[in-house]
2 protein chains.
Amino acid sequence: MKRKILVVDDEPQLRKQLKIGLGGHGYEVITASNGHEAITLTAQQTPDMIILDISLGSEPNGIEVCRQLREWTKIPIMMLSVHDEEKTKVIALSAGADDYLTKPFGMDEMHARIEAILRRITAEPMEHTRTEIRAGDLYINLVNRQVFVEGEEIHLTPKEYDLLRLLATHPGKMMTHRAILGAVWGPEYGEMDHYVRVFVNQLRKKLRENPARNVRYILNDPGVGYRFVSID
Amino acid sequence: MKRKILVVDDEPQLRKQLKIGLGGHGYEVITASNGHEAITLTAQQTPDMIILDISLGSEPNGIEVCRQLREWTKIPIMMLSVHDEEKTKVIALSAGADDYLTKPFGMDEMHARIEAILRRITAEPMEHTRTEIRAGDLYINLVNRQVFVEGEEIHLTPKEYDLLRLLATHPGKMMTHRAILGAVWGPEYGEMDHYVRVFVNQLRKKLRENPARNVRYILNDPGVGYRFVSID
DNA sequence: AAGACACTATCAAGGTTTTGGTGGTTCGCA
DNA sequence: TGCGAACCACCAAAACCTTGATAGTGTCTT
């Protein structure tokens with residue numbers, strides 16, 4: 001796949017130099033000479049990477065352009081500057097840039113840095129932490145904090161949701177009353193198991209459990225506690 | 001979430017210096033003094049980031065360690081070296097490193113670079129670039145920072161816009177009061193959740209929400225936070 | 001097999017916390 | 001110094017948690 005790189009600089013010479021240098025590495029290069037053009041081009045063409053000079057000769061400057069871009073896109077940005085001051089670098093990186101390169105630089109280093117960044121965004125998105133749970137007609141989205149029953153979203157209060165999440169993220173595992181109380185209400189709640197019962201009951205109602213039709217999510221073990229059905 | 005960083009260097013002084021410097025920024029720092037130890041520790045502790053000196057005094061050197069790590073893990077690696085030669089940088093980055101920093105360096109720059117890298121891997125798998133958002137009679141142009149309601153442009157103050165953008169770019173996702181406050185106002189605002197309420201109220205008015213006619217964009221979950229309507 | 005007992009389910013009425021809505025005061029900038 | 005934005009304080013309304021009362025279920029004893 002041919003990568004598209006947007007080069008933003010007010011000096012025609014550097015633009016040309018980068019166009020040739022990067023083009024030689026197999027990238028498609030498009031250029032902009034000021035901040036407004038850079039933003040417009042990014043929106044229209046969605047490049048895979050943006051190389052952005054900090055001093056653009058006119059407003060907005062590179063930092064400002066970077067900030068604006070970061071409001072709506074995560075396209076990798078490499079900042080360029082003649083300044084080697086630490087403060088400038090910190091400002092650029094804090095503004096949302098992915099890397100910072102001081103001029104003059106070698107094409108080989110730039111290429112290697114671009115590849116390092118592109119390699120990372122191509123990589124599989126992070127470790128697998130469970131983000132959703134399914135069981136029968138029940139669907140829980142842990143990221144959005146949403147719960148659906150039979151395809152329809154239902155509303156849960158904070159405690160109800162916490163309780164459901166605790167049980168559902170430990171499918172098949174027996175949770176004692178004490179453990180549930182401690183995790184959802186807090187360790188100081190001692191022996192007030194009654195809370196758990198009331199909320200389990202409310203949950204069951206909202207989840208539309210139907211023992212007659214064998215639709216059950218929260219199972220109980222008398223004298224011990226509750227557990228969520230095992231998920232296949 | 002406290003990030004864990006593994007520092008690999010043969011000089012005790014630099015290890016100590018980084019442990020203090022990074023620890024002061026809220027990271028948990030573990031250290032290794034040679035390549036074998038580094039690999040073992042990485043396998044055992046799975047740090048969130050590895051800072052790796054190129055010259056470790058003994059075999060294997062930093063480059064070799066980096067190559068070996070990359071055979072089975074994608075944990076971000078930042079290489080450190082006294083060499084400022086382009087060739088060395090290219091070799092390090094090609095070996096799978098994510099960044100390269102020449103000694104001596106400032107702690108602020110190192111911190112900013114670490115954050116830049118962690119920011120990227122933490123980033124949600126959200127689509128890369130979205131330039132506009134529609135929901136019912138609401139239209140947001142993220143590039144030009146314009147907001148239209150029923151075809152008519154409305155004016156939002158900076159905070160109002162930031163708040164709307166935060167919510168609208170995470171449709172369906174529950175945003176807690178704390179998260180909103182931190183993202184729009186800044187982490188130092190602590191518990192002043194009430195600001196959020198006031199501005200949500202102002203936004204709702206300007207967006208002409210009408211609960212009676214089921215025209216709602218910002219939904220609330222009592223005790224949790226707010227979320228933008230899901231977009232179909 | 002009947003009854004006692006312990007645990008569980010269900011319901012509904014306060015009391016408390018959280019949110020919506022408004023308006024005044026302060027702050028920053030031209 | 002005048003304007004708009006941001007901040008802050010207050011009260012009413014809504015949602016939620018707590019609580020007690022009562023009914024239901026299963027198990028063990030006699």
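So that the names make sense, note that chain A is the first sequence line, chain B the second, and so on, each numbered from 1. Keep in mind that what you see is a predicted model, and the values were worked out from it rather than measured.
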Extract from the structure each pairing of a protein N or O with an N or O of nucleotides 4-8 of chain C at less than 3.5 Å, listing the distance.
| unit_1 | atom_1 | unit_2 | atom_2 | d |
| --- | --- | --- | --- | --- |
| C:dC7 | O3' | A:Gly223 | N | 3.2 |
| C:dT8 | OP1 | A:Gly223 | N | 2.8 |
| C:dT8 | OP2 | A:Arg197 | NH2 | 2.8 |

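- In the helix from C:dA1-D:dT30 to C:dA30-D:dT1, the end axes, each obtained as the rotation axis mapping the C1' atoms of four pairs onto the next four within a five-pair block, lie 30° apart to the nearest 10 degrees.
- B:Arg216 places its CZ atom 14 Å from the P atom of C:dT19, with the value rounded to the nearest Å.
- Residues passing the side-chain hydrogen bond (donor to acceptor under 3.5 Å, both in side chains) test with A:Arg145: none are found, sequence neighbours excluded.
- Distance check: B:Tyr226 OH to B:Arg204 CZ gives 6.0 Å after rounding to the nearest 0.5 Å.
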Let me check something: any side-chain donor-acceptor pairs from residues 182-194 of chain B under 3.5 Å, sequence neighbours excluded? List them with distances.
| unit_1 | atom_1 | unit_2 | atom_2 | d |
| --- | --- | --- | --- | --- |
| B:His194 | ND1 | B:Arg197 | NH1 | 2.6 |

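- For the pair B:Thr157 and D:dA6, the criterion of a side-chain N or O lying under 4.0 Å from OP1 or OP2 is met.
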Protein-nucleotides 21-26 of chain D N/O pairs under 3.5 Å:
none

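- Here C:dG21 presents its P atom at 11 Å from CG of B:Asn210, a figure rounded to the nearest Å.
- Of the residues near DNA chain D, A:His155 and A:Val198, the one whose nearest nucleotide (by heavy atom distance) lies more toward the 5' end is A:His155.
- Atom pair A:Leu156:CG and D:dA15:P shows a separation of 15 Å (rounding to whole Å applied).
- Under the side-chain hydrogen bond (donor to acceptor under 3.5 Å, both in side chains) criterion, A:Arg67 pairs with no residue at all, not counting sequence neighbours.
- We find that CG of B:Leu163 is positioned 15 Å from P of D:dA5, with the value rounded to whole Å.
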With a 3.5 Å cut-off and sequence neighbours excluded, list the donor-acceptor pairs that the side chains of residues 151-158 of chain B form with protein atoms.
| unit_1 | atom_1 | unit_2 | atom_2 | d |
| --- | --- | --- | --- | --- |
| B:Glu153 | OE1 | B:Gln146 | NE2 | 3.4 |
| B:Thr157 | OG1 | B:Glu160 | N | 3.3 |
| B:Thr157 | OG1 | B:Glu160 | OE1 | 3.4 |

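- Classification of A:Arg165 and A:Asp162 as a salt-bridged pair holds, one side-chain N sitting under 4.0 Å from a carboxylate O.
- The nucleotide whose nearest atom lies closest to any side-chain atom of A:Asn201 is, among C:dT10, D:dT18, C:dG21, C:dT10.
- With D:dT18, C:dC11, D:dC16 as the candidates, the nucleotide lying closest to the side chain of A:Lys205 is C:dC11.
- Contact of the B:Ile75 side chain with the B:Leu6 side chain is not registered, since no non-hydrogen atoms from C-beta on lie closer than 4.5 Å.
- Scored by the side-chain hydrogen bond (donor to acceptor under 3.5 Å, both in side chains) test, A:Thr73 finds B:Thr129 as partners (sequence neighbours excluded).
- Among pairs with a residue in residues 35-56 of chain A, none fulfils ring-ring contact (aromatic ring centres under 6.0 Å, His included), at least two apart in sequence or across chains.
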Check: residues 50-58 of chain A side-chain donor-acceptor pairs under 3.5 Å, at least two apart:
| unit_1 | atom_1 | unit_2 | atom_2 | d |
| --- | --- | --- | --- | --- |
| A:Asp53 | OD1 | A:Ser55 | N | 3.1 |
| A:Asp53 | OD2 | A:Lys103 | NZ | 2.6 |

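- Computed from coordinates, the B:Glu191 CD to C:dT19 P distance equals 13 Å when rounded to whole Å.
- For B:Lys4, the side-chain hydrogen bond (donor to acceptor under 3.5 Å, both in side chains) partners at least two apart in sequence or on another chain are B:Gln45.
- B:Arg113 pairs in a side-chain hydrogen bond (donor to acceptor under 3.5 Å, both in side chains) with only one of the listed residues (B:Asp98, B:Asp108, B:Asp99), which is B:Asp99.
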What's touching nucleotides 26-30 of chain C from the protein side, N or O pairs under 3.5 Å?
none

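- Atoms CG and CG, on A:Leu219 and A:Leu167 in that order, are 10.0 Å from each other to the nearest 0.5 Å.
- Between the C1' atom of D:dG4 and the CD atom of B:Gln202 lies a distance of 12 Å, rounded to the nearest Å.
- Contact annotation for B:Phe199: backbone-only contact, meaning every heavy-atom pair under 4.0 Å involves sugar-phosphate atoms and none involves a base.
- The distance between atom OH of A:Tyr161 and atom P of D:dC16, rounded to the nearest whole Å, is 15 Å.
- If you check the side chains of B:Glu209 and B:Tyr217, you find no donor sitting under 3.5 Å from an acceptor.
- At D:dC17, none of the side-chain N or O atoms of A:Trp185 fall inside 4.0 Å of OP1 or OP2 (strictly under the cut-off).
- In this structure, the CD atom of A:Glu209 is 9 Å from the P atom of C:dT10, given to the nearest Å.
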